[in-house]
Amino acid sequence: MMKLSWVWIVIAIAFLQLVTGFLDFNETELSLIEAYDFGVSKLNYNPLMVGLTLITSAGAKGAVCLDGTLPGYHWHRGYGSGANSWLIQLEGGGWCNNVRTCVYRKKTRRGSSTYMEKQIPFTGILSDKAEQNPDFFNWNRVKLRYCDGASFTGDTENKAAKLQFRGQRIWLAAMEDLMSKGMRNAKQALLSGCSAGGLASILHCDEFRNMFPRTSKVKCLSDAGLFLDAVDVSGGRTLRSLYNGVVGLQGVQHNLPRICTIHRDPTSCFFPQNLISNIRTSLFILNAAYDSWQIQSSIAPPSADPHGYWHECRLNHAKCSASQMRFLQGFRIEMLNAIKGFSQSRENGLFINSCFAHCQTERQDTWFAANSPEIRNKLLEIGILTEQE
């Protein structure tokens, strides 16, 4: 039986070029579903398709998507040595920061279960194939769908626009439902997430730990969730402006860690760099030092580059000028500085590579394949855990 454990600190500065490209999505990252649809996850030719389960008990708790529909998840039951082990993967998908963007969002799968796929492929960390996912293939693996637009943290409403901001309630309703289906007996549990879901896994990490008895081994994994409060190419702070709208509109401030909010403004406490050193639960951070989403949508978004000077560079780093590369290297240094304090704890782990990438756990080519990113001869999947009992 494989037992969950962390490699304490693995930081690399290894330039790796992924075989696949990333499309230009300004509002949100390229999701696993989109990646599969566009053919960039072809390493898994026959992925497990897992059906959507709506949380019927959520409605009575007001735990609903933006449009008021029930939230849901995809669950593949564990077996054998993994029968009492649980992996919860929080879906990513950006945020909505004003009424206009949230009204648009509620007419998509990221704001309504009406538009969610009835089945999705489980690949990477969710795969059921031992040769592609040797440590988690037989665990209970759950993908919690994202339909609130605030990383599962909001709790308010806008009656005029018919918008429900109930991310925190969705999170709690989903955990309660899964507990009733056997998760309360978990011997080990891992809360993970990609992008906005990676941020959510940080925000909810200690809360997740507290749901289990002390005898359970509980840890968290944030994939591409280390969003920085960084200056963009115009000298402004695009992502801070976005987060400020999210926090204010969706009532997020009430659900942020108090250890942060007593010292900082709520928007600052939505940035993981201000949270990670105070998380008590073991946390593993996986991130690209040149995170492609942050480069495209936070560092060099079109709004900060009206003359298009960064247009080609933001989509293809091979087309960056020397001065642009120096700017991006400054972003990388800022990321490494943000994790210095966090890295001093032996309870935590890191896998920071220099890929131009975003989200690496759900894609088979970056999770566990012959040409997956390596640091000191360790694949990502092996770097996160693997220790024989």
Side-chain angles (χ1 to χ4, degrees), residues 12-31 34-35 38 40 92-98 100-101 104-105 110 149 151 194-196 198-199 223-246 267-268 270-273 285-339 352-360 363 366 373:
I13 310 167
F15 284 89
L16 299 170
Q17 185 171 356
L18 299 181
V19 296
T20 57
F22 289 83
L23 302 180
D24 181 9
F25 284 89
N26 295 329
E27 295 299 323
T28 184
E29 77 282 351
L30 184 64
S31 74
E34 288 164 338
F38 279 102
V40 298
W95 309 269
C96 62
N97 63 324
N98 54 46
R100 179 184 60 82
T101 57
Y104 172 81
R105 188 183 183 94
R110 292 190 173 121
S151 290
C194 155
S195 194
L199 171 58
D223 177 7
L226 190 60
F227 296 98
L228 297 185
D229 187 7
V231 174
D232 62 38
V233 296
S234 71
R237 292 184 180 269
T238 295
L239 193 55
R240 169 166 279 272
S241 177
L242 171 66
Y243 278 3
N244 189 57
V246 173
T267 299
S268 294
F270 203 62
F271 281 98
Q273 66 196 80
I285 291 179
L286 160 66
N287 230 95
Y290 298 95
D291 184 282
S292 59
W293 187 91
Q294 293 191 62
I295 290 173
Q296 293 178 18
S297 299
S298 172
I299 301 303
S303 59
D305 181 36
H307 300 295
Y309 175 65
W310 279 82
H311 178 71
E312 291 189 346
C313 172
R314 66 189 288 272
L315 300 179
N316 183 355
H317 64 278
K319 297 183 178 180
C320 295
S321 66
S323 63
Q324 288 172 329
M325 284 305 304
R326 285 193 295 271
F327 191 95
L328 295 182
Q329 288 164 0
F331 174 77
R332 170 189 161 275
I333 292 170
E334 187 172 354
M335 180 172 291
L336 296 180
N337 287 336
I339 58 177
I352 309 295
N353 56 33
S354 290
C355 299
F356 284 76
H358 185 70
C359 290
Q360 300 178 70
R363 293 169 52 116
T366 49

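Looking at heavy atoms from C-beta onward, F227 lies out of side-chain contact with F270 at the 4.5 angstrom threshold. Counting heavy atoms from C-beta on, the side chains of R240 and S268 come closer than 4.5 Å. With a 4.5 Å cut-off on side-chain heavy atoms, P302 and R314 count as touching. The closest side-chain heavy-atom distance from L242 to S297 is not below 4.5 Å. Two residues are said to be in side-chain contact when any heavy atoms from C-beta on lie closer than 4.5 Å; H317 and I295 fail this criterion. When side chains are defined from C-beta on, D229 does not count as touching Y243, because their heavy atoms never get closer than 4.5 Å. For the pair M335 and Q294, the minimum side-chain heavy-atom distance is below 4.5 Å. S323 places a side-chain heavy atom less than 4.5 Å from the side chain of Y309.
A196 approaches G93 most closely through the heavy-atom pair CB-N, 3.9 Å. The two residues C320 and L328 come nearest to each other via the heavy atoms SG-CD1, 4.1 Å. Minimum heavy-atom separation, G225 to P272: O-CG, 3.2 Å. In this structure, R332 and S354 approach most closely via the heavy-atom pair NE-OG, 4.0 Å. A pairwise comparison of heavy atoms in V246 and G149 identifies CG1-O, 4.0 Å as the closest pair. Across all their heavy atoms, A288 and Q360 have their closest contact at N-NE2, 4.0 Å.
Atom-to-atom distance recorded for I352:CD1 and L286:CG is 7.0 Å, nearest 0.5 angstrom. Taking CD1 from I299 and CZ from R237, the interatomic distance works out to 9.5 Å, rounded to the nearest 0.5 Å. Note that the NZ atom of K319 and the CE atom of M325 stand 15.0 Å from one another [nearest 0.5 Å]. Expressed to the nearest 0.5 Å, how far CG of D232 lies from CZ of F327 amounts to 7.0 Å. Between the CG atom of D223 and the CG atom of N287 there is a distance of 7.5 Å, given to the nearest 0.5 Å. R105 CZ to C96 SG: the interatomic distance, rounded to the nearest 0.5 Å, is 5.5 Å.
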Please test N98 against T101 for side-chain hydrogen bond (donor to acceptor under 3.5 Å, both in side chains), starting from the C-alpha separation and ending with a verdict.
CA-CA 6 Å; N98 54 46; T101 57; 2.9 Å; yes
